Amino acid sequence: MVQSVDAAWRAWLDTLGTVGSDELARPGLGEWNVRELIAHTLRAATTVDRFLDEVRPAIEVPDAERYCELADSMTEAQHAAVAQRGRDGAEALPSDAPALRVAAVCVVEATLRRLRVTTGEEVGATAFGAMGLDEYLRTRLVEVITHHRDLCHALGRPVSQPVDAVDEVAAILPR
């Protein structure tokens, strides 16, 4: 799973490298602009760090499919909190595209370094309960692939993503 996540992040970073500073304020997704969409997507890496820091003794959410079901049933207040975290995250990022990309690369690379020394058997905290690492990484793959596509559409760029990662996401999401 780490390999699929790694490939998805690298494709996202490649697209991020094409973003100009003048495009960051453009509409991104829903109420987010491009910069806020980028910040939200980057949380898919930082939440892995939190997961690894908050080890749990037992699994409460069995798989990525159940996690996605729980995410789909969030309340308006929970959705509003997610939207606000995207805006808050954008405020913490540099305001020019080259510096933003450097910051994103640093975050993603740090997370990938941590993942390379895991067993995949770790159990950690998520927004919906404790899960096994490999299943949690599948949820992060959904985030990166989905929001990479959103970013490309917002910018009018072609979508280029690793086929294996896209196939994995298609297997997770309900039809």
Side-chain angles (χ1 to χ4, degrees), residues 1-16 29-30 32 36-90 92-93 103-151 161-175:
M1 184 50 52
V2 172
Q3 188 174 18
S4 290
V5 170
D6 184 299
W9 275 117
R10 294 196 187 288
W12 180 78
L13 289 170
D14 287 347
T15 298
L16 193 56
L29 174 67
W32 286 326
E36 293 162 345
L37 174 59
I38 290 167
H40 172 75
T41 309
L42 196 53
R43 277 186 46 81
T46 61
T47 59
V48 170
D49 289 328
R50 188 194 75 221
F51 177 99
L52 293 171
D53 291 341
E54 296 180 22
V55 175
R56 296 290 192 253
I59 292 174
E60 299 166 329
V61 181
D63 53 38
E65 290 81 0
R66 179 65 181 140
Y67 183 99
C68 290
E69 288 171 7
L70 292 166
D72 283 344
S73 66
M74 289 188 334
T75 66
E76 278 189 46
Q78 289 170 314
H79 281 289
V82 169
Q84 186 59 48
R85 283 193 300 270
R87 289 187 295 275
D88 293 344
L93 290 173
V105 167
C106 290
V107 168
V108 169
E109 288 297 334
T111 299
L112 291 173
R113 276 193 303 279
R114 287 190 77 185
L115 286 174
R116 287 186 195 106
V117 297
T118 61
T119 65
E121 301 297 318
E122 292 81 359
V123 175
T126 77
F128 303 112
M131 322 181 54
L133 177 60
D134 277 350
E135 286 299 318
Y136 186 61
L137 289 178
R138 292 176 71 215
T139 73
R140 303 304 80 199
L141 191 60
V142 169
E143 288 287 319
V144 176
I145 291 295
T146 301
H147 293 311
H148 181 191
R149 182 173 298 270
D150 294 335
L151 179 63
Q161 298 175 309
V163 173
D164 291 346
V166 172
D167 289 346
E168 179 67 29
V169 168
I172 296 167
L173 295 177
R175 304 217 189 281

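Since the structure is predicted, the reported quantities are computational estimates derived from the model, not experimental observations.
- Residues I172 and D63 form no side-chain contact, since every pair of their non-hydrogen atoms from C-beta on lies 4.5 Å or further apart.
- A distance of 10.0 Å separates CZ in R85 from OG1 in T46, rounded to the nearest 0.5 Å.
- Within the 3.5 Å criterion, the main-chain N or O of A64 finds a donor-acceptor partner in the side chain of E135.
- Formation of a donor-acceptor pair under 3.5 Å by the E122 side chain with backbone atoms of G120 is found in this model.
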Salt bridge (Lys or Arg N to Asp or Glu O under 4.0 Å) for D6 and R116? Distances and angles first, verdict last.
CA-CA 10 Å; D6 184 299; R116 287 186 195 106; 3.0 Å; yes
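- Here the closest non-hydrogen pair linking M1 and L141 is SD-CD2, 4.2 Å.
- Around CD of E54, the count of heavy atoms belonging to other residues, nucleotides or ligands within 6.0 Å exceeds 12.
- A pairwise comparison of heavy atoms in Y67 and A127 identifies OH-CB, 4.5 Å as the closest pair.
- In this structure, A8 and P162 approach most closely via the heavy-atom pair N-CG, 3.8 Å.
- A distance of 11.0 Å separates CD1 of I145 from OG1 of T41, quoted to the nearest 0.5 Å.
- Separation of atoms OG1 (T47) and CD (E143) is listed at 7.5 Å; rounding is to 0.5 Å.
- Rounded to the nearest 0.5 angstrom, L115 CG and D134 CG are separated by 9.5 Å.
- Here the straight-line distance linking atom CD of Q78 with atom CZ of F128 works out to 6.5 Å at 0.5 Å rounding.
- Rounding to the nearest 0.5 angstrom, the gap separating the CZ atom in R114 from the CG atom in D53 is 4.5 Å.
- Side chain of E36 to backbone of A90: no donor-acceptor contact under 3.5 angstrom is found.
- Smallest separation of non-hydrogen atoms from L37 and W32: N-CB, 4.0 Å.
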